[in-house]
*Asks:* 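I have a structure here, written as structure tokens, and I will follow up with some questions on it.
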Amino acid sequence: MRTSQYILATLKETPSDAEIVSHQLMLRAGMIRRVASGLYTWLPSGLRVLRKVETIVREEMDKAGAIEMLMPVIQPADLWEESGRWSEFGPELIRFTDRHNRTFALGPTHEEVITDFVRKEISSYKQLPITLYQVQTKVRDERRPRFGVMRAREFTMKDAYSFHLSEECLDATYKAMHQAYCNIFERLGLDYRPVIADTGSIGGSVSHEFHVLAESGEDAIAFSDGSDYAANIEKAEALAPNVSRPEATKELKAFPTPDAKTISELKKHYGVKPHRGVKTLIVYGTPDENDVRGLVALVLRGDHDLNELKAEKHPLVDSPLEMATEADIVDAIGAKPGSLGPVGLSMPIIVDRTANVMADFVAGANKDDEHFSGINWDRDVTNYEVADIRNIVEGDASPCGQGNLQIKRGIEVGHIFQLGTKYSEAMKAGVLSESGKNQVMTMGCYGIGVSRIVAAAIEQNNDDYGIKWPQPIAPFDLAIVPMNMHKSHRIPDIANNLYQGLKDAGLDVLFDDRKERPGVMFNDMELIGVPYTLVIGERNLDENKVELKNRHTGEKLMVDIDTAVEVIKATVKG
RNA sequence: CGGCGAUUAGCGCAGUUUGGUAGCGCACUUGGUUUGGGUCCAAGGGGUCGCAGGUUCAAAUCCUGCAUCGCCGACCA
């Protein structure tokens with residue numbers, strides 16, 4: 001490709017509405033342009049990267065035995081009503097009616113369409129297991145699109161679905177997909193981790209997320225430093241402390257705390273260290289037979305945070321978890337948030353495992369502007385349950401039993417689920433088994449955010465000059481940058497010959513034939529992140545050499561022109 | 001959906017306090033100059049100042065409403 005016949009579209013200045021570095025660099029490097037909030041046009045350079053990611057994903061999916069197909073973005077509402085998700089899905093699902101007043105949705109995912117397809121086409125156990133996939137545009141009306149293509153309203157996703165007769169069979173395919181995903185991220189050249197994940201509203205039992213590690217990631221991941229254990233922080237279990245509760249040594253005593261409504265104010269004004277106090281959060285309980293929700297108290301050590309996912313899975317707690325309003329709290333307890341505690345509380349109390357091994361601790365007295373010190377479990381508070389309801393913190397013992405947990409941030413780029421029969425049952429997708437009986441299929445689903453990978457790769461690979469693409473997904477393998485070509489007699493021929501030769505050798509070459517100053521060309525090539533730049537200048541021509549510069553290391557290699565194509569190909573592709 | 005902020009040329013911004021013929025840098029066009037890291041000089045094109053209404057002799061500037069975009073949060077996956 002010659003820059004003169006290309007849309008390089010690089011920007012010197014950073015558009016002001018781009019917050020994170022990948023979004024800024026995608027705009028500056030001429031990869032994307034915003035059309036509306038969460039909607040982007042992919043320019044040639046961006047599309048090249050997107051296509052390379054897709055190709056790697058396809059190759060590994062095919063290798064793992066999955067079969068590619070393509071389903072429509074527009075899906076009839078009937079299918080969604082059959083699965084029950086027409087009412088379950090929120091406004092994220094874009095709905096509309098056509099000229100005949102029939103109702104449709106824009107697909108945020110394709111479980112319904114694929115299940116409908118399979119129930120019609122697959123009728124015998126002999127055709128199972130089967131894994132089908134597509135690379136396709138998904139539409140989700142995100143409440144808050146942000147970070148460019150990282151969380152867009154329209155994006156490219158690889159989604160795969162597998163169908164089985166048994167759990168064991170599903171498990172085998174699930175493991176194969178897990179391996180295929182590892183292969184994909186390995187080949188993409190990214191620093192990634194598979195982590196144990198929550199199945200969320202999709203349902204099912206087993207689930208892993210694949211995260212690209214990056215500071216800007218929206219998710220926190222817990223790792224063991226002593227094993228392979230890694231889990232999304234919302235899923236990482238906080239084990240019961242390995243110590244028993246100390247004996248009570250102090251008496252229960254009330255003290256006035258007019259200036260303390262929070263754990264940090266308690267420390268500031270009264271010298272109570274956060275890990276010596278507990279915080280009491282009031283949430284709504286599971287509705288009773290009359291659909292009335294009571295209140296439930298959650299008690300955590302002062303320096304710990306509530307894990308809402310864990311809490312709402314507790315049978316006493318309503319799901320989704322909802323914090324009680326101040327009015328309801330005052331009504332039930334007679335004190336405002338800021339002075340709450342477990343002592344004398346007449347509602348179910350759930351105590352976090354770590355809070356449960358505290359002795360002589362501090363908490364609100366359930367009376368405004370007053371706290372208790374010297375509180376002890378079983379002596380001062382008798383009716384309570386113990387559960388894991390907190391987020392793990394760095395240094396906690398790993399749930400796997402080996403090592404301690406560290407926390408890193410990640411960008412979720414893949415998610416695999418064992419779905420079970422949620423969709424196949426609702427949509428009556430069965431096959432005839434060996435014994436001639438109809439049997440509902442068991443399903444798995446496997447997603448990769450293809451367009452998100454492009455942004456995530458940049459988050460992980462950039463410097464002050466621009467993007468540093470891993471070679472497998474770079475828009476170009478190398479750039480030819482001739483010095484003052486239009487002034488030279490020798491350079492145009494050499495540059496053109498090398499361009500042709502390198503293209504014929506199978507490399508993606510960007511030939512910068514603009515009449516620009518060298519600095520402009522160097523800067524552009526570094527900005528768009530081409531891994532190698534071949535500099536052709538009068539300076540080295542007398543020795544019959546050209547210069548190959550590595551974007552990642554800055555190393556310069558002098559290459560003899562006569563053998564340049566072979567040497568460069570070996571270097572770039574090696 | 002709640003809170004905050006922004007909206008002036010393709011991009012980045014000033015001008016708004018105190019109403020008086022719309023500016024700067026980059027980019028673009030033309031000519032010259034320069035040429036191994038974003039040259040320099042000159043000339044030029046490009047804007048119903050987000051939209052609608054109001055106040056005023058006069059509105060980018062003051063008032064009201066709306067829209068769009070972004071940030072934080074909640075929500076969702």
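In what follows, chains carry the letters A, B, and so on, assigned in the order in which the sequence lines appear, proteins first and then strands, with residues in each chain numbered from 1.
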*Asks:* Assess the pair A/Tyr181 and A/Tyr446: is the distance between their ring centroids shorter than 6.0 Å?
*Replies:* no
*Asks:* Do NZ/NE/NH1/NH2 and the carboxylate oxygens of A/Asp524 and A/Arg514 come within less than 4.0 Å?
*Replies:* yes
*Asks:* With heavy atoms under 4.0 Å as the rule, sort A/Asn540 into base, sugar-phosphate or nothing.
*Replies:* base
*Asks:* Describe the nucleic acid contact of A/His23 in one word from base, sugar-phosphate, nothing, applying a heavy-atom distance below 4.0 Å.
*Replies:*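 The residue A/His23 makes no contact with any strand.
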*Asks:* Of the candidate nucleotides B/C72, B/U35, B/A77, which contains the atom at the shortest distance from the side chain of A/Arg140?
*Replies:* B/A77
*Asks:* Between A/Glu237 and A/Lys310, does any side-chain N to carboxylate O distance fall below 4.0 Å?
*Replies:* no
*Asks:* Does B/C51 have a Watson-Crick or wobble mate here (both distances under 3.5 Å), and if so which one?
*Replies:*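 The answer is B/G65, by the H-bond criterion.
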*Asks:* Under 3.5 Å, which donor-acceptor pairs do the side chains of residues 33-46 of chain A form with other protein atoms, sequence neighbours left out?
*Replies:*
{"unit_1": "A/Arg33", "atom_1": "NH1", "unit_2": "A/Leu27", "atom_2": "O", "d": "2.9"}
{"unit_1": "A/Arg33", "atom_1": "NH2", "unit_2": "A/Ala9", "atom_2": "O", "d": "2.8"}
{"unit_1": "A/Ser45", "atom_1": "OG", "unit_2": "A/Tyr6", "atom_2": "OH", "d": "2.8"}

*Asks:* Once you apply a heavy-atom cut-off of 4.0 Å, does A/Gly537 come out as touching a base, just sugar-phosphate, or nothing?
*Replies:*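 Base, at least one base atom sits under 4.0 Å.
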*Asks:* Pick the C1' atom in B/C51 and in B/G44, then give their distance to the nearest Å.
*Replies:* 32 Å
*Asks:* Which nucleotide in the list B/G37, B/U39, B/C75 gets nearest to the side chain of A/Phe522?
*Replies:*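 Output: B/G37.
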*Asks:* Quantified in whole Å, what is the P atom distance between nucleotide B/A22 and nucleotide B/C26?
*Replies:* 23 Å
*Asks:* Rounding to the closest angstrom, what is the interatomic distance between B/G20 and B/C13 at atom C1'?
*Replies:*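 That atom pair is separated by 24 Å.
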*Asks:* Tell me which pairs pass salt bridge (Lys or Arg N to Asp or Glu O under 4.0 Å) where either residue lies in residues 445-467 of chain A, with sequence neighbours left out.
*Replies:*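 Every salt bridge (Lys or Arg N to Asp or Glu O under 4.0 Å) pair that includes a residue of residues 445-467 of chain A, provided the two are not neighbours, is A/Asp463-A/Arg551.
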*Asks:* To the side chain of A/Asn523, which of B/C75, B/G37, B/U39 is closest?
*Replies:*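 Taking heavy atoms from C-beta onward, the closest nucleotide is B/G37.
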*Asks:* Taking B/A9 as the reference, what is the distance to B/G5 when you measure between their P atoms (whole Å, please)?
*Replies:*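 Approximately 23 Å lies between the P atom of B/G5 and that of B/A9.
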*Asks:* Is A/Glu516 side chain donor-acceptor paired with the B/G38 base, going by distance under 3.5 Å alone?
*Replies:* no
*Asks:* State which of B/U39, B/A77, B/G36 makes the closest approach to the side chain of A/Arg517.
*Replies:* B/U39
*Asks:* Using atom C1' in both nucleotides, what's the gap between B/G23 and B/C49 to the nearest angstrom?
*Replies:*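 Approximately 12 Å lies between the C1' atom of B/G23 and that of B/C49.
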*Asks:* Please work out if A/Val535 contacts a base, only the sugar-phosphate, or nothing of the nucleic acid, heavy-atom cut-off 4.0 Å.
*Replies:*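 Base, at least one base atom sits under 4.0 Å.
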*Asks:* If you check every side-chain atom of A/Phe147, which of B/C71, B/C69, B/A77 has the closest atom?
*Replies:* B/C71
*Asks:* A quick test of your reading: do over 12 heavy atoms of other residues, nucleotides or ligands sit less than 6.0 Å from CD of A/Glu215?
*Replies:*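 Count not over threshold, so no.
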*Asks:* Considering Watson-Crick and G-U wobble pairs with both distances under 3.5 Å, what does B/C75 pair with?
*Replies:* none
*Asks:* Looking at B/G36, B/C75, B/C71, which one has an atom nearest to any side-chain atom of A/Arg144?
*Replies:*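 Ranking B/G36, B/C75, B/C71 by closest atom to the A/Arg144 side chain puts B/C71 first.
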*Asks:* Determine the contact category for A/Glu526: base if any of its heavy atoms lies under 4.0 Å from a base atom, sugar-phosphate if only primed atoms, P, OP1 or OP2 are that close, otherwise nothing.
*Replies:* base
*Asks:* Assess whether ring-ring contact (aromatic ring centres under 6.0 Å, His included) is satisfied between A/His208 and A/His415, documenting all intermediate values.
*Replies:* CA-CA 6 Å; A/His208 285 83; A/His415 201 161; 9.1 Å; no
*Asks:* Going by purine N1 to pyrimidine N3 plus the second Watson-Crick contact, or the G-U wobble pair, all under 3.5 Å, which nucleotide sits opposite B/C4?
*Replies:* B/G70
*Asks:* Whole angstrom is fine here: how far is it from CG in A/Leu527 over to C1' in B/A27?
*Replies:*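 These atoms are roughly 15 Å apart.
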*Asks:* Who does B/U17 pair with, Watson-Crick or G-U, both distances under 3.5 Å?
*Replies:* none
*Asks:* For B/U56, give its Watson-Crick or G-U wobble partner with both distances under 3.5 Å, or none.
*Replies:*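 Answer to the pairing question: none, since B/U56 forms no Watson-Crick or G-U pair.
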*Asks:* In whole Å, measure the gap between the C1' atoms of B/A14 and B/U30 for me.
*Replies:*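 Going atom to atom, C1' in each nucleotide, I get 29 Å.
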*Asks:* Taking the side chain of A/Arg539 as its heavy atoms from C-beta onward, which of B/C76, B/C72, B/G36 lies nearest to it?
*Replies:*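 Shortest atom-to-atom distance from the side chain points to B/G36.
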*Asks:* Above 12 or not: heavy atoms from other molecules or residues under 6.0 Å from OH of A/Tyr465?
*Replies:*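 Counting neighbours around OH of A/Tyr465, 12 or fewer heavy atoms of other residues, nucleotides or ligands fall under 6.0 Å, so no.
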*Asks:* Is it the case that the base of B/G37 and the side chain of A/Lys549 share a donor-acceptor contact (distance under 3.5 Å, atom types as modelled)?
*Replies:* yes
*Asks:* Tell me the partner of B/U29, counting only Watson-Crick (N1-N3 plus N6-O4 or O6-N4) or G-U wobble (N1-O2 and O6-N3) with both under 3.5 Å; none if nothing fits.
*Replies:* B/A43
*Asks:* Kindly indicate whether a cation-pi arrangement holds for A/Arg2 with A/Phe511, taking the cut-offs as under 6.0 Å to the six-membered ring centre and within 45° of the axis.
*Replies:* no
*Asks:* Answer yes or no: is there a donor N or O on one side and an acceptor on the other, between the side chain of A/Gln460 and the main chain of A/Leu190, under 3.5 Å?
*Replies:* no
*Asks:* Provide the Watson-Crick or G-U wobble partner of B/U35, both distances under 3.5 Å; none if there is no partner.
*Replies:*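 For B/U35, the partner nucleotide comes out as none, under the 3.5 Å rule.
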*Asks:* Rounded to whole Å, please give me the gap between CZ in A/Arg514 and P in B/G36.
*Replies:*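 So the two atoms are 16 Å apart, to the nearest Å.
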*Asks:* Return a single string for nucleotides 4-15 of chain B, one symbol per nucleotide in 5' to 3' order, where B is base contact, S is sugar-phosphate-only contact and - is none, cutoff 4.0 angstrom on heavy atoms.
*Replies:* -------BSS--
*Asks:* What nucleotide, of B/C69, B/C72, B/C76, holds the atom closest to the side chain of A/Ala36?
*Replies:*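 Per side-chain heavy atoms of A/Ala36, the pick is B/C69.
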*Asks:* In whole Å, what separates the P atom of B/U18 from that of B/C63?
*Replies:* 11 Å
*Asks:* How far, in whole Å, is B/G10 from B/G73 if one measures between their C1' atoms?
*Replies:* 34 Å
